[in-house]
Amino acid sequence: MYIYDSVKKEKLKFKSLKPKQVSLYVCGPTVYDDAHLGHAKSALVFDLLKRVLSHDNYKVTYARNITDVDDKIIKKAQEQNKSIKEITDTYTTAYHRDMSALGIQAPDIEPRATESFEAMHEMISALINKGHAYATPAGDVYFDTASDKNYLSISGRVQNEEDTQSRVESSGQKKNATDFALWKSVSDGSLTFSSPFGEGRPGWHLECSAMIEKHLSDQDEAYAVDIHGGGADLLFPHHENEAAQTRCSSNHELARYWMHNGFVNIDGEKMSKSLGNSFFIKDALKSYDGEVLRFYLLSVHYRSNFNFNEDDLLSSKKRLDKLYRLKKRLFGLKVVEEKTSFIEALKETLSDDMNVSKAYALIDEMVSDINEKLDANPKDKVAKREATSNLALVESLLGFGLNNPFEYFQHGFDTTIKTTINDLILQRNEAKKEKNFERSDSIRDEILALGVNIMDTPEGTFWEAKE
RNA sequence: GGCGCCAUCGCCAAGUGGUAAGGCCGGAGCCUGCAAAGCUUCUAUCCCCAGUUCAAAUCUGGGUGGCGCCUCCA
């Protein structure tokens, strides 16, 4: 396995801390709204990573947190006159529903900030004791960035006093402009938690470091986890600060490898609420099968920015269609697992920093190859056996091709229309049998008008939704 | 202003020193009663300039054009 480390900025041969085991921590969502395509991209990328590592015989422990303490959550609760818990429960459930629709497997551990206060308190205390954090007269506890000589080693930034000070609003009580809150003193009665440092709320960066120590870390290792991932925007300040907290409160660095996925833009523009172009997964799912979205969102290398647009999605879907048409040809066959050159090639390609583009190319070529063989000899048992093995791997490694191939092509058609179409097909076949092609073609026009294509095959007449 | 990323066929997109993958679209053909599907086949020298090298899309320098982070953010 090779992984591009976004801190070292080079592709490295992956070496796990413990033999054949991998600890993976990914920054999850703050649950104050529905998940958008950006959340999907990140979750998909690391879902794929876990699958690739697992197929490489690593035992992967994957943790992805839920941030359920946050100012935005409080704001939302006030706006909607609901409790904090109602908000976080609603959107946590929604997040799980959307991720599941995209074929994303649940992480092994899903820690929540509200369940991790003890670990956070311990980390703050350790930082204070070691002289890396201080309390202000106002009751806040800040991390002292000047006390960490390796601060900024993650993002590779250069400290620039003038610049930083002009852009960061200083509370006046911080020692350095870059210092960040570990514990914020709050006493307005909104949402507070008691702590050894007074009533308040934890700083955002703290929960990840604390939960990693609690759930994944081994103090004897030089790194808390093998891999830490998240969106590219988290590199600074979030991951920089996480790393500082861990480094200064314990004896190890946070992660051996850092992975950051690129952004999802909509029609060339950054997705944001202010631009009014946020694209929620649940809305996308109204028009497209979850697997189609998965296939499309995964189709571009994870480190590149992804420009989402409907035209590209549709041409991407046509690629997945070909996989499903092959599945139709193989429908009902039992999978007999056997090694094929395709399987080896696919695993190897994905082990190269998840080269999905090349993986898709391999799939396209494999599908064409099998089709060609089946065209030449529809009973080619060897080809069929190979094909089922190949597709089984695609399903488990990439997570698509899992649907019933007939239903896949009929997304969005209800039973009534399906019945109508099937009736028309029966009528058309009657006409064809009588060689009444005028009638059969006019029936076909009727069927086409319903938004479907039909195809006559040796196995019967099948129909698919157009586009 | 600081730090960083990117620029490959009409569109999407791999390749990062050894002579341009794959998909979509389009053309031609095979198959088909005709279609659809499937198959075959055709279509780029890699933003510009200079340099290093036997050899560069791939390295270096300089342009031009996009974009990201620096404030909450996947």
Side-chain angles (χ1 to χ4, degrees), chain A residues 6 9 11 26-30 32-33 35-46 64 67 70-72 75 152 155-160 162-164 166-169 178 204 229-238 240 260-265 268-273 278 296 299-301 303-307 309 311-322 325-326 328-329 349 352 355-365 367-376 409 432 435-438 440-441 444-445 447-448 452-457 461-464 466:
Chain A
S6 40
K9 296 190 195 304
K11 201 191 277 185
V26 175
C27 290
T30 300
Y32 71 103
D33 205 347
H36 58 229
L37 294 175
H39 294 107
K41 177 74 184 183
S42 174
L44 280 167
V45 164
F46 293 104
R64 187 185 61 209
T67 297
D70 184 89
D71 291 350
K72 293 189 289 289
K75 189 165 170 253
L152 299 181
S155 61
R157 276 159 203 278
V158 181
Q159 190 77 350
N160 183 326
E162 284 176 41
D163 185 57
T164 310
S166 68
R167 279 173 161 70
V168 177
E169 199 176 323
T178 46
W204 171 45
D233 55 327
L234 297 177
L235 183 56
F236 187 86
H238 188 52
E240 186 73 64
H260 291 93
N261 63 275
F263 260 61
V264 178
N265 296 326
E269 283 200 321
K270 180 178 172 173
M271 189 167 33
S272 79
K273 289 209 171 138
S278 277
Y296 175 51
S299 68
V300 176
H301 189 88
R303 276 187 277 123
S304 302
N305 284 338
F306 188 96
N307 188 28
N309 76 66
D311 289 343
D312 291 348
L313 185 151
L314 290 174
S315 52
S316 168
K317 178 181 179 298
K318 288 181 183 171
R319 211 173 179 177
L320 183 59
D321 287 351
K322 302 210 315 197
R325 294 210 179 91
L326 178 60
K328 275 191 191 174
R329 297 184 85 162
T349 292
D352 181 14
N355 190 335
V356 181
S357 295
K358 202 170 166 190
Y360 280 26
L362 286 170
I363 293 170
D364 290 329
E365 283 161 2
V367 170
S368 289
D369 179 56
I370 301 290
N371 274 327
E372 191 180 355
K373 284 176 178 162
L374 293 181
D375 279 356
F409 285 109
K432 279 181 59 170
K435 298 211 183 294
N436 185 347
F437 295 124
E438 200 176 321
S440 70
D441 286 353
R444 180 169 58 200
D445 288 342
I447 297 173
L448 260 48
V452 305
N453 276 329
I454 57 174
M455 41 207 59
D456 299 322
T457 77
T461 301
F462 301 123
W463 65 273
E464 300 180 355
K466 264 191 272 189

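Scanning for salt bridge (Lys or Arg N to Asp or Glu O under 4.0 Å) contacts around Asp456(A) gives Arg428(A), Lys432(A), with sequence neighbours left out.
Nearest to the side-chain atoms of Phe236(A) among the listed nucleotides rG38(B), rG23(B), rC69(B) stands rC69(B). Side-chain proximity of Thr30(A) to the nucleotides rA36(B), rA74(B), rU40(B) is greatest for rA74(B). Of the candidate nucleotides rG2(B), rA13(B), rG22(B), rG22(B) has the atom nearest to the side chain of Arg319(A). In the set rA74(B), rC70(B), rC34(B), the nucleotide with an atom closest to the side chain of Pro237(A) is rC70(B). For Asn355(A), the side-chain atoms get nearest to rG15(B) when compared with the rest of rG33(B), rG15(B), rA74(B). With rC24(B), rA37(B), rC69(B) as the choices, the nucleotide that has an atom nearest any side-chain atom of Met455(A) turns out to be rA37(B). Of the candidate nucleotides rC11(B), rA74(B), rA14(B), rC11(B) has the atom nearest to the side chain of Asp312(A). You'll find that the side chain of Lys322(A) is closest to rG38(B), out of rG22(B), rG38(B), rC12(B). Looking at the side chain of His301(A), the nearest of the listed nucleotides rA74(B), rA14(B), rA21(B) is rA14(B).
Within 4.0 Å of Lys41(A), counting heavy atoms only, lies no atom of the nucleic acid at all. Within the nucleic acid shown, Ser357(A) comes within 4.0 Å of at least one base atom, counting heavy atoms only. Heavy atoms of Ser440(A) sit under 4.0 angstrom from at least one base atom.
Nucleotide rC25(B) has no partner under the Watson-Crick or G-U criteria, as no pair reaches both atom distances under 3.5 Å. Pairing for rC31(B) is absent, judged as Watson-Crick or G-U wobble with the two contacts each under 3.5 Å. With a 3.5 Å ceiling on both atom-pair distances, rC9(B) lacks any Watson-Crick or G-U wobble partner. Nucleotide rA50(B) has rU60(B) as its partner under the Watson-Crick or G-U criteria, with both atom distances under 3.5 Å. Nucleotide rG4(B) has rC67(B) as its partner under the Watson-Crick or G-U criteria, with both atom distances under 3.5 Å. Partner assigned to rU16(B) is none, using Watson-Crick or G-U wobble distances below 3.5 angstrom. rA74(B) is unpaired under the Watson-Crick or G-U wobble criterion, no partner having all donor-acceptor distances under 3.5 Å. For rU43(B), there is no paired base (Watson-Crick or G-U wobble, both distances below 3.5 Å).
No donor-acceptor contact under 3.5 angstrom links the side chains of Asn371(A) and Arg325(A), judged on distance only.
Remark: Arg319(A) is not positioned above the aromatic ring of Tyr360(A), lacking an NZ or CZ atom under 6.0 angstrom from the ring centre and at most 45 degrees off the axis.
Considering only side-chain N and O atoms, Asn371(A) lies under 4.0 angstrom from the phosphate OP1 or OP2 of rC39(B).
The separation of rA21(B) from rA44(B), taken at their C1' atoms, amounts to 13 Å, rounded to a whole angstrom.
Salt bridge status for Asp441(A) with Arg444(A): present, with a side-chain N to carboxylate O gap under 4.0 Å.
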